[in-house]
Amino acid sequence: MNNQNWVRFVPLLVGLIAILGTMARGCKEGPFGRKQLVTVAVDQENQLGLDAYRQILNKSEIIGGGPIVDAIRLIGRKLAVAADDPELRKTFRVDQGRRFNWEFNVIRDNQVNAFCLPGGKVAVYTGIIPVSVTDAGLAVVMGHEIGHALARHGAERMSQSQLVQMGQTAVAFSLGGSDPSTQRTVMGLLGAGAQFGVLLPFSRSHESEADHIGAILMARAGYDPREAPKFWERMAKATGGSQKVSEFSSTHPSHETRIRDLTNWVDQEAIPLWKRSNQMPTQPLPGVAGASIGGGRGSLSPSPTPKSGGTRGPGYEFK
Ligand SMILES: [Zn+2]
């Protein structure tokens with residue numbers, strides 16, 4: 001190897017050192033003790049979440065008020081209180097001092113979807129309400145979304161792409177002297193590798209972790225956690241087994257896997273927590289047609305669950 005060839009690899013070496021340094025600084029313990037890489041500061045994460053939230057809300061039809069908005073905000077508040085529980089924060093590895101600026105809005109849209117942006121900015125699309133059927137069903141959805149924010153999945157994803165970009169930049173510099181078609185091939189492979197090799201499996205584990213956190217949160221808030229696997233059964237039926245439903249979409253675990261995992265977490269962790277919590281009877285959501293719920297208001301016994309036939313409301317549509 002002559003001198004010139006060696007020099008070409010200097011940017012690669014510098015990039016590698018920078019990547020390793022960033023990884024060492026950003027490595028921390030995530031939810032349930034998982035190793036997590038977060039290089040983004042909390043303030044930055046909150047700001048990015050807030051900016052994106054305002055942009056989305058500006059382009060959406062927000063429902064200003066009424067029974068469904070009240071119901072969603074009540075569920076949100078209860079889940080947010082549960083998220084402040086010091087024991088749960090320890091389990092989820094959320095800093096005890098961290099304050100989330102929770103905000104809950106309802107968007108009129110047929111998408112079967114909901115999201116929570118970093119920092120605690122939540123939106124529920126009206127399309128997911130007929131699948132949710134009950135307050136507990138919606139607590140499954142919102143608990144999952146809040147789980148993403150508590151676990152800092154957004155920041156983790158940002159950190160991953162930051163590292164991928166550093167790597168791509170270093171390689172681009174090293175390829176400076178190569179012919180354009182080699183450069184294109186290598187960069188293309190790197191891009192594909194970044195998406196499928198790094199980002200996608202992480203996203204799947206994020207979804208599963210958000211399910212886990214959500215089941216615990218809803219139980220702590222008093223919602224019957226046994227509604228979680230039932231919600232996903234309805235979701236599987238509603239989407240015809242396909243995964244093509246936006247946030248709950250391509251990177252999500254298969255319905256069977258998530259129902260099996262959820263059932264385990266519910267039995268082993270969520271139900272014992274729920275029994276010690278202020279249990280609430282499952283109530284139908286306002287305006288959901290065909291919801292048949294047993295169990296009287298104020299009953300402390302676990303309430304019967306809705307029949308699965310009652311999940312499709314009028315105007316129900318998938319995108
Ligand atoms: Zn998710």
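Remember, it's 1-based here, ligands and their atoms both numbered in the order they're listed. Computed from a prediction, not measured in an experiment: that's the story for all the values here.
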* Please find the N/O/S atom of His144 nearest to the Zn ion (ligand 1) and write down its name. => NE2
* Under 3.5 Å, side chain of Arg220 to main-chain N/O of Ala82, donor-acceptor pair present? -> no
* Nearest 0.5 Å please: distance from the CD atom of Glu227 over to the CG atom of Asp135. => 8.5 Å
* Determine which of the N, O or S atoms in Glu207 is closest to the Zn ion (ligand 1) and give its atom name. => OE1
* Atom of His148 closest to the Zn ion (ligand 1), considering N, O or S atoms -> NE2
* Going from CG on Leu138 to CD1 on Ile129, what distance comes out if it is rounded to the nearest 0.5 angstrom? -> 6.5 Å
* Would you give the length of the straight line joining atom CH2 of Trp265 to atom CD1 of Ile271, rounded to the nearest 0.5 angstrom? => 15.0 Å
